[in-house]
Participant: 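Quick one: structure below, then a few questions.
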Amino acid sequence: LKIKYCVELFASSATVAATLGRLGFYCIAIDIRFGDDHKLKSSKLRNCILGWVQSKAALAVLAGFVSSSFSTARNMPGGPPPLQDSSHVAGFDDLRPRDAEKVRVGNLFLRWCYKLLRCCLTTKTICVLENPWTSWAWQMKEALPLQRMTEVTFLENRLLPMGDSMAEVDGPLVSSS
């Protein structure tokens with residue numbers, strides 16, 4: 001008996017996985033909050049997840065990837081110093097060490113999520129990437145070819161099901177199937 005499951009990455013409280021579970025789907029929620037073996041910084045774990053998709057064990061993948069380094073809110077007056085702008089989408093060269101690490105990790109996750117999406121396109125696995133509309137993530141050079149693909153749809157989503165209520169989110173859902 002081969003079981004297919006849904007994978008929620010950067011799951012935080014795993015509300016999407018819980019909702020899908022109540023609908024009868026098997027789910028795997030991955031987030032650092034669940035322990036060290038859930039660290040998506042681990043290339044071993046990221047490769048394992050890619051293996052699930054390549055073997056067609058995953059029915060769907062949702063990744064609401066880390067957006068703190070891609071936030072355009074940092075470019076507003078009176079806030080913390082910006083990490084990027086439209087000419088330096090991958091981050092400024094002269095950032096403080098802590099901010100440079102935040103940008104490095106954000107870029108790592110984003111590039112891996114785009115790789116994951118391309119893998120899902122190959123295997124015809126449903127894939128949803130979520131991040132705010134205003135995020136610099138969608139302006140990264142890796143995102144541009146995806147925006148031209150007919151198999152990829154960018155949707156503005158204001159609501160995601162969270163149990164018996166709806167939670168508001170502000171971001172595009174990049175979807176493939």
Side-chain angles (χ1 to χ4, degrees), residues 7-13 15-16 30-33 38-43 45-47 49-50 53 60-162 166-177:
V7 182
E8 182 182 6
L9 304 172
F10 309 100
S12 186
S13 59
T15 51
V16 172
I30 298 175
D31 193 278
I32 187 62
R33 294 183 46 209
H38 283 251
K39 282 186 180 177
L40 282 162
K41 283 184 185 180
S42 162
S43 60
L45 177 57
R46 291 193 314 271
N47 288 334
I49 294 164
L50 286 170
V53 172
V61 179
L62 167 68
F65 58 92
V66 178
S67 62
S68 59
S69 68
F70 295 108
S71 175
T72 56
R74 292 187 69 128
N75 296 70
M76 307 267 185
L83 304 178
Q84 293 120 318
D85 67 16
S86 59
S87 299
H88 303 87
V89 179
F92 293 123
D93 294 330
D94 60 349
L95 295 172
R96 297 177 296 198
R98 184 174 178 196
D99 286 338
E101 177 63 7
K102 184 182 285 189
V103 168
R104 186 193 72 73
V105 169
N107 289 345
L108 168 85
F109 287 148
L110 174 70
R111 288 182 175 118
W112 180 74
C113 283
Y114 287 153
K115 180 178 182 177
L116 178 65
L117 175 64
R118 287 190 304 275
C119 183
C120 287
L121 286 168
T122 300
T123 61
K124 303 208 180 308
T125 301
I126 297 166
C127 182
V128 177
L129 304 182
E130 187 275 324
N131 216 257
W133 271 115
T134 56
S135 172
W136 293 116
W138 309 121
Q139 296 182 39
M140 293 283 285
K141 67 180 180 183
E142 293 85 353
L144 301 178
L146 296 173
Q147 293 173 15
R148 292 189 291 273
M149 298 177 83
T150 58
E151 304 91 347
V152 175
T153 305
F154 282 76
L155 304 167
E156 182 174 4
N157 184 40
R158 296 273 175 202
L159 300 171
L160 277 179
M162 300 296 171
M166 300 295 271
E168 205 168 319
V169 295
D170 178 25
L173 295 177
V174 179
S175 176
S176 74
S177 58

Participant: Looking only at heavy atoms, which two atoms of F70 and A137 are closest? And how far apart?
Facilitator: CD2-N, 3.6 Å
Participant: Once rounded to the nearest 0.5 Å, what's the spacing between atom OG1 of T122 and atom CD of E151?
Facilitator: 9.5 Å
Participant: Are T150 and V152 close enough that some pair of their side-chain heavy atoms sits under 4.5 Å apart?
Facilitator: no
Participant: Within this structure, what is the CG-CG distance for the pair L95 and L83, rounded to the nearest 0.5 Å?
Facilitator: 5.5 Å
Participant: What distance separates L117 CG from M149 CE, expressed to the nearest 0.5 Å?
Facilitator: 7.5 Å
Participant: Between R74 and D99, does at least one N-O distance fall below 4.0 Å, as a salt bridge requires?
Facilitator: yes
Participant: Would R104 and E101 count as a salt bridge (Lys or Arg N to Asp or Glu O under 4.0 Å) if you check the C-alpha gap in whole Å, the side-chain angles of each, and the deciding distance to 0.1 Å?
Facilitator: CA-CA 5 Å; R104 186 193 72 73; E101 177 63 7; 2.9 Å; yes
Participant: Which atoms form the tightest heavy-atom contact between R46 and K41, and what is the distance?
Facilitator: NH1-O, 2.7 Å
Participant: Quick check: closest heavy atoms across S69 and V103, and the distance to 0.1 Å?
Facilitator: CB-CA, 3.8 Å
Participant: Quick check for you: to the nearest 0.5 Å, what is the distance between Q139 atom CD and S86 atom OG?
Facilitator: 7.0 Å
Participant: Please test R111 against M140 for side chain to side chain contact (heavy atoms under 4.5 Å, CB included), starting from the C-alpha separation and ending with a verdict.
Facilitator: CA-CA 9 Å; R111 288 182 175 118; M140 293 283 285; 3.6 Å; yes
Participant: Spell out, as yes or no, whether a donor-acceptor pair under 3.5 Å connects the side chain of S42 to the backbone of H38.
Facilitator: no
Participant: Would you say the side-chain atoms of N131 pair up with the backbone N or O of G64, donor to acceptor, closer than 3.5 Å?
Facilitator: no
Participant: K39 pairs by side chain to side chain contact (heavy atoms under 4.5 Å, CB included) with which of I32, L45, D31?
Facilitator: I32
Participant: Going by the angle between their ring planes, with limits at 30° and 60°, are Y114 and W138 parallel, tilted or perpendicular?
Facilitator: tilted
Participant: Could you walk me through whether E8 and V61 pass the side chain to side chain contact (heavy atoms under 4.5 Å, CB included) test, one step at a time?
Facilitator: CA-CA 6 Å; E8 182 182 6; V61 179; over 6 Å; no
Participant: Looking at CG of L129 and CG of L62, how far apart are the two atoms once the value is rounded to the nearest 0.5 Å?
Facilitator: 8.5 Å
Participant: Which distance, rounded to the nearest 0.5 Å, do you find between the OG of S43 and the CG of L50?
Facilitator: 10.5 Å
Participant: Can you tell me if Q84 uses its side chain to pair, donor with acceptor, with the backbone of F92 under 3.5 Å?
Facilitator: no
Participant: How close do R96 and P81 get, counting heavy atoms only, and between which atoms?
Facilitator: NH2-CG, 3.6 Å
Participant: Where do F10 and F109 land on the side chain to side chain contact (heavy atoms under 4.5 Å, CB included) test, with the steps shown first?
Facilitator: CA-CA 10 Å; F10 309 100; F109 287 148; 3.8 Å; yes
Participant: Mind running side chain to side chain contact (heavy atoms under 4.5 Å, CB included) on L40 and I49 for me, showing each step along the way?
Facilitator: CA-CA 10 Å; L40 282 162; I49 294 164; 3.6 Å; yes
Participant: Under 3.5 Å, is there a donor-acceptor pair between the side chain of T125 and the main chain of L121?
Facilitator: no
